[in-house]
Amino acid sequence: MEKTSNLNKNTPVNHSILESIKNRWSPRVFAHTPIAEKDAKKLLEAGRWAPSASNLQPWRVIWGLKGSTTYDRIFNCLDEFNQSWAGNSQMLWLNAFKKTMNKGEQENFHALHDLGLFMGNVVHQANSMEMGVHQMAGIDFKKAQKEFQFTEEYHVATAVAFGYFGGDPDDLPADLKEQELKETRERKSQDKFAFNGNFQNK
């Protein structure tokens with residue numbers, strides 16, 4: 001897929017990579033096109049086939065389409081900053097993970113990593129459907145845990161906003177509109193995080 005947005009985004013890669021990775025970015029404004037339940041299930045299915053330590057699949061997802069009670073309940077768990085824009089989305093998720101191994105006697109140190117792999121699959125599936133994904137750390141974890149009746153062996157980690165590309169940046173507050181319209185994307189260079197030898201604190 002050559003283009004996943006009506007906005008121009010420049011991704012200055014140093015090596016050739018998949019277009020689906022190069023073109024991925026996290027919008028804060030989305031088209032008003034609703035997301036169908038069958039498409040929500042496609043995203044969940046993509047995540048379902050992510051790898052996980054010992055195949056424990058520790059991820060748990062609460063999902064709601066815009067206009068539903070579940071969507072509103074998730075929205076009410078977001079912090080004030082994310083509420084300022086996430087209402088543009090057509091679907092919200094709340095992501096949690098099981099902190100322990102199957103019998104609960106041992107901590108699963110890799111559960112958060114595995115949730116990340118789950119979402120990696122989801123993001124690539126969404127991009128193939130011309131859908132933007134914006135993951136959020138800014139949620140009230142304790143409120144969400146209580147609201148959705150998670151037991152203590154689970155940790156609520158993130159929220160996620162979904163919607164089709166093509167939203168109007170004018171719908172955003174001024175500071176977020178400026179970020180949305182920024183054309184050149186930035187990442188640390190490889191030598192800052194990858195070492196063919198000993199770790200270097202850069």
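Values reported hereafter were calculated over all heavy atoms of this structure, with side chains retained and with hydrogens, waters and symmetry mates removed.
Residues Phe148 and Val61 do not share a hydrophobic cluster, clusters being chains of Ile/Leu/Val/Met/Phe/Trp/Tyr side chains in contact below 4.5 Å. Hydrophobic clustering keeps Val122 apart from Ile62 (ILVMFWY residues linked when any side-chain heavy atoms are closer than 4.5 Å, directly or through intermediates). Both Leu172 and Phe75 are members of a single hydrophobic cluster when ILVMFWY side chains are connected at heavy-atom separations under 4.5 Å.
Distance check: Glu147 CD to Gln149 CD gives 8.5 Å after rounding to the nearest 0.5 Å. The CG atom of Asn95 lies 9.0 Å from the CD1 atom of Ile74; values are rounded to the nearest 0.5 Å. Taken to the nearest 0.5 Å, the CZ atom of Phe118 stands 15.0 Å off from the NE2 atom of His113. To the nearest 0.5 Å, atom CH2 of residue Trp25 and atom CZ of residue Arg185 are 9.0 Å apart. Atom CG of Asn10 and atom OG1 of Thr184 lie 4.5 Å apart (nearest 0.5 Å). The distance from atom CZ of Arg24 to atom CG of Leu18, rounded to the nearest 0.5 Å, is 13.5 Å.
A donor-acceptor distance shorter than 3.5 angstrom exists from the side chain of Lys99 to the backbone of Glu152, with no hydrogens or angles considered.
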**Study point:** Steps toward side chain to side chain donor-acceptor pair (under 3.5 Å) verdict (Ser189, Arg187)
**Key:** CA-CA 6 Å; Ser189 60; Arg187 287 294 188 276; over 6 Å; no
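For Glu178, the CD atom counts as loosely surrounded, since its 6.0 Å shell holds 12 or fewer non-hydrogen atoms of other residues, nucleotides or ligands.
Inspection of the Thr100 and Lys98 side chains reveals an N or O donor paired with an N or O acceptor under 3.5 Å. Using modelled atom types and a 3.5 Å distance limit, the side chains of Asn55 and Gln57 yield a donor-acceptor pair.
A salt bridge does not link Glu45 to Lys42: none of the charged side-chain nitrogens sits closer than 4.0 Å to a carboxylate oxygen.
Inter-residue side-chain proximity for Leu65 and Tyr71 is flagged as unmet; no heavy-atom pair is nearer than 4.5 Å. Annotation: side chain of Leu44 is in contact with side chain of Trp93 (closest heavy-atom distance under 4.5 Å).
Taking the six-membered ring where tryptophan is involved, the planes of Phe195 and Phe199 are perpendicular, since the angle between them exceeds 60° and thus also 30°.
Between Trp59 and Phe97, the distance separating the two ring centers is not shorter than 6.0 angstrom.
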Side-chain polar contacts of residues 31-38 - donor-acceptor pairs under 3.5 angstrom, sequence neighbours left out - could you list them?
none

